[in-house]
Amino acid sequence: MSILDDAKQLVQGAAQAGMEKAVAAAPDSWIPGGEPDPLLRRKHGHVGQPLSRLDGPLKVAGAATFAAEFAMEGMAYASVACSIIAKGRITRIDTAAAEAAPGVVLVLTHRNAPRLEPLPLFMTAQKAAGGDKVPVLQDDRIHWNGQPIAVVLAETQEEADHAKSLIRVDYAAEEAVTDFEAAAAHGTKPAAFMGHPLHDEVGDAEAAVADAPVRVDATYTSPPHNHNPIEPHAVTLAWQGDTLRIHDAQQAVAHGAWTLAQVFGLPEENVVVTSPFVGGGFGSKTIWQHHVIAAMAARVAKRPVRLRLSREDVYRLVGGRSPTRQRVALGATAEGRLTALVHTGVTAKTPHNVMPEPFILPTRSAYATETMLLDVQQVELDMLGNTFMRAPGEAVGTFALESALDELAHALGMDPIELRIRNEPEKDPVSGLPFSSRHIVEAWRAGAERFGWSKRDSRPGARREGEWLVGMGCATATYPYYRMPGGAARLTLTADGRATIDIAAHEMGMGTSTAQTQIAADRLGLSMDQVRFNYGDSTLPGVVLAGGSQQTAAIGASVAAAYDALVAELLKLAGNDSPLAGLKADEIESRDGGLCKHDEPDRFESYASILARSRREEVVVEATPSMPLETQHWSMHSHGAMFCEVRVNAVTGEPRVSRFLGSFDCGRIINPKTASSQFRGGIIMGLGLALMEETQFDARKGRILNPSLAEYHVPVHLDVPEIDVIWTDIPDPRAPAGARGVGEIGITGTGAAVANAIFNATGKRVRDLPITLDKLMG
Ligand code: MOS
């Protein structure tokens, strides 16, 4: 059985068990059969306020402790040596000089490392979080150029790094598959994502393209990309008896604890992962080989270990986005109605992971069309296991789709915004489900007005200012609403009327802890300083992934479920002497530090009073929300309209983005300040995708050639113009607190908006990312 079959069975099994349980459970308010979240009934004090981050002062003062900053008594420092061939065997590894070097505690290779199980791969079980399943220092086999082959522990980092340089290795290299295009020419296989084939068909789209009066048929390519969070990956860890205690940089603490427990054959509770602050995750901060290497070294050395990856190590050990070659073919009537939408292509993965870049995902729900053909094929390369990266699928998928829409608008002689609006679907084109909330037309209209779209000259190359050609382009942004199963939260209310929420969730810089405190404060009728939000610890309730832009929904639903449990408990405690006597839970809401009848706010009793009368110091409840049934009944997506103005130097080809506007429709915006940062950060990553980012992968050796920020270019301040962001703020009645995700959508559509603006400026259509000046010269 293949990994994918395993994954499919597990996911389906879990989904089925969950759904059965969900049917028995009382429905949450926003799911089918329920009313929208009661929080949306009236305006509250905190949600919607642009509050500064609660952890801002700590971070500014340098007092927020990150994974590589925890100190442990007697700690040794680790340095990892990596393979320089892509495939083959280690025939000799000489560690004598390294072992004799000053300060060295231990050198581990496949010859003396403890025997362990491989990492359970992400998506193959609910809590699996491993990036690849290559055994960690278990045998002499090499699977990618950069695979860890040894680790040195020493008294200082410098001694460990120096000793590592003394290790001598001989290899028997074997022929590796490292050339994407050559591999694709040899044949491809259908790709599946999270147990589902990446293939959809509505009617005969190829025939409809051939018959269409107006058509576009083009190929778009994107290079591999690597992760570059500002904080490189790191662990500081120790074995305390049989318990492995890890300070980690992690976006999935509960998954991480379970995953490492499988590797070491431990009960899950014997691995404790904490991650109070993370310097960016973006899909990369799951479990990779360095966790296993550090933990095994600590076990053998019987000492705490700190292993912090260098920037280069992140490129060798932590996967990123794999390359894509995508075809988009559109057929339309002369009036600009789509009759056919074909989005197909090929991507790469490895034999040791399960992550084909799912670039057709954004296309499924995008446009009304009579026929559709979506398909992803894959080839397997001998390379580092690729993974989730900054809107996986949507980031590069919308580049192809939304570039093609622009090409069609040009072919039709039609405004690209009007073309998109003309093809707005009534319901989800593939699933047939109604949309929960889709206000993309409002986003387009508001964005166009604010950006000054009417001033655009639709003739390419028409506007020149000195040496600079100036153009405007636009594109649709889109990212799905997810709420993954597994959420749970504990809510503690104390006699002084304060509340504490405990949930195994994450703050990676997004503002999660601030936004969630706002929601919880409004739900509980408390002030911000009366609510404490504890997260980032695998011993807390819940299995919450900070990924898929779904934390706001997953935490929000968990806290709402805990709140409902708290209300039920408080009504029992309130008894017959309370103004609340006789009320049912669904008649209750919170205000001013207590409960009231929602349509009769004077029937009120404070938390402090309820607890005092029942002689309770505290009330503690823990609850699990319903399964995410809302996503089975509605097509749920965040939307955006992206506008770009670009200046291209007519002499040198240099492209400079001069203005950018994102106009979003993401449901209720919980915190305009932190949400703006999310939108802007996403757009900046989109500018990198459009103009700079490219992993130089040497197909001869399978080696990444630019593993540093000096050579792998990301946008810096001078590359980024002022970015304007606006939003509809229309609550989604099917999402907790009315909020859909805001984390990743900014990365989507941006690449195409830039490419389309460059076409408008120059008449040059670049379909090959990144759009560097060499592609624009002459
Ligand atoms: Mo993200 S790529 O869902 O962390």
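Every number for a ligand or one of its atoms is a count from 1 in the order of the listing. All of these numbers come straight from a predicted model, not from anything done at the bench. All heavy atoms count here, side chains included; hydrogens, waters and symmetry mates do not.
- Atom numbering of ligand 1 starts at 1 in the shown order; those under 4.0 Å from a heavy atom of Gly283 are 1 (Mo), 2 (S), 4 (O).
- Taking a cut-off of under 4.0 Å to the non-hydrogen atoms of Glu744, the atoms of ligand 1 that pass are 1 (Mo), 2 (S), 3 (O).
- Heavy-atom separations between Lys285 and ligand 1 are all 4.0 Å or longer.
- Side-chain contact of Asp537 with Thr274: a donor-acceptor pair under 3.5 Å is absent, judged by distance alone.
- By the criterion of a heavy-atom distance under 4.0 Å, the backbone of Met389, and not its side chain, is placed next to ligand 1.
- No donor-acceptor pair closer than 3.5 Å links the side chain of Ser677 to the backbone N or O of Met510.
- Leu401 CG to Gln326 CD: the interatomic distance, rounded to the nearest 0.5 Å, is 9.0 Å.
- Using a cut-off of 4.0 Å between Lys/Arg side-chain N and Asp/Glu carboxylate O, Asp428 and Arg364 are scored as not salt-bridged.
- Remark: Asp665 engages Arg740 in a salt bridge, criterion side-chain N to carboxylate O under 4.0 Å.
- Listed by number with element, the atoms of ligand 1 under 4.0 angstrom from any heavy atom of Arg390 are 2 (S).
- Of all atoms in ligand 1, listed by their number and element, those nearer than 4.0 Å to a heavy atom of Gly547 are 3 (O), 4 (O).
- Counting atoms of ligand 1 from 1 in the listed order, those under 4.0 Å from a heavy atom of Phe388 are 2 (S).
- Screening Glu357, Glu744, Glu693 against Arg390 for a salt bridge (charged side-chain N to carboxylate O under 4.0 Å, His left out) leaves a single residue, Glu693.
- No side-chain donor from either of Thr748 and Thr398 sits under 3.5 Å from a side-chain acceptor of the other.
- The shortest N/O to N/O separation between Gln251 and ligand 1 falls below 3.5 Å.
- A heavy-atom separation below 4.0 Å is found between Gly548 and ligand 1.
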